[in-house]
Amino acid sequence: LFATGLFKDVRISIEGNAVVVIIDERPIIANVNFVGLKEFDTEALTKSLKDVGIGEGKPFDKALADRAEQELKRQYLTRSLYGAEVTTTITPIERNRVNVSFNV
């Protein structure tokens, strides 16, 4: 179950004659948006992020969001825009979902 990437935690215990499986689901990404993005095409970025696992309907993984933030920073550096700062904001919403916002 854990290897599917859909769960943050999976625990198995035995209580009497029953096997108990306790899972903690990862939240699902409801929306990905970019604030202050001027140098890149939003649609192209959204597609490339979805290809690496960050997109609407995908399970949220903090490590992937951190990697995406670093890659966005690197893209700005390759265009000699050394002052660009990128931060990622994760906003929890109802029904175990999150909004992901990249602020440039």
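Hydrophobic clustering, with ILVMFWY side chains joined whenever heavy atoms are under 4.5 angstrom apart, keeps L72 apart from L77. Linking Ile, Leu, Val, Met, Phe, Trp and Tyr residues whenever their side-chain heavy atoms come within less than 4.5 Å places L6 and V21 in a single cluster. Linking Ile, Leu, Val, Met, Phe, Trp and Tyr residues whenever their side-chain heavy atoms come within less than 4.5 Å leaves L37 and Y82 in two separate clusters.
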### Query
What's the verdict on side-chain contact (heavy atoms from CB on, under 4.5 Å) for I22 and V20, showing C-alpha distance, side-chain angles and the deciding distance?
CA-CA 6 Å; I22 300 168; V20 178; 4.0 Å; yes
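Nearest heavy-atom pair, V86 versus K73, reported as atom, atom and distance to 0.1 Å: O-CE, 3.2 Å. Smallest separation of non-hydrogen atoms from Y76 and K38: OH-N, 4.0 Å. Of all heavy-atom pairs spanning A30 and N99, the tightest one is CB-OD1, 3.6 Å. Here the closest non-hydrogen pair linking A68 and I54 is CB-CD1, 3.7 Å. Residues P59 and G5 approach most closely at CB-O, 3.9 Å, considering heavy atoms. The two atoms that bring K8 and E25 nearest to each other are CE-O, 3.7 Å, heavy atoms only.
Between the side chains of T88 and D66, no donor-acceptor pair of N or O atoms lies under 3.5 Å.
Distance check: E69 CD to L64 CG gives 13.0 Å after rounding to the nearest 0.5 Å. Summarising the geometry, atom NZ belonging to K62 is positioned 12.5 Å from atom CZ belonging to R26; distances are rounded to the nearest 0.5 Å. To the nearest 0.5 Å, the span separating CD on E39 from CG on L81 amounts to 5.0 Å.
A salt bridge between E43 and K47 is absent, with no side-chain N of the basic residue lying under 4.0 Å from a carboxylate O of the acidic one.
The shortest side-chain heavy-atom distance between N96 and I28 does not fall under the 4.5 Å cut-off. Side-chain contact between V100 and N31 is absent, with no heavy-atom pair separated by less than 4.5 Å.
Residues F102 and F34 bring their aromatic ring centres within 6.0 Å.
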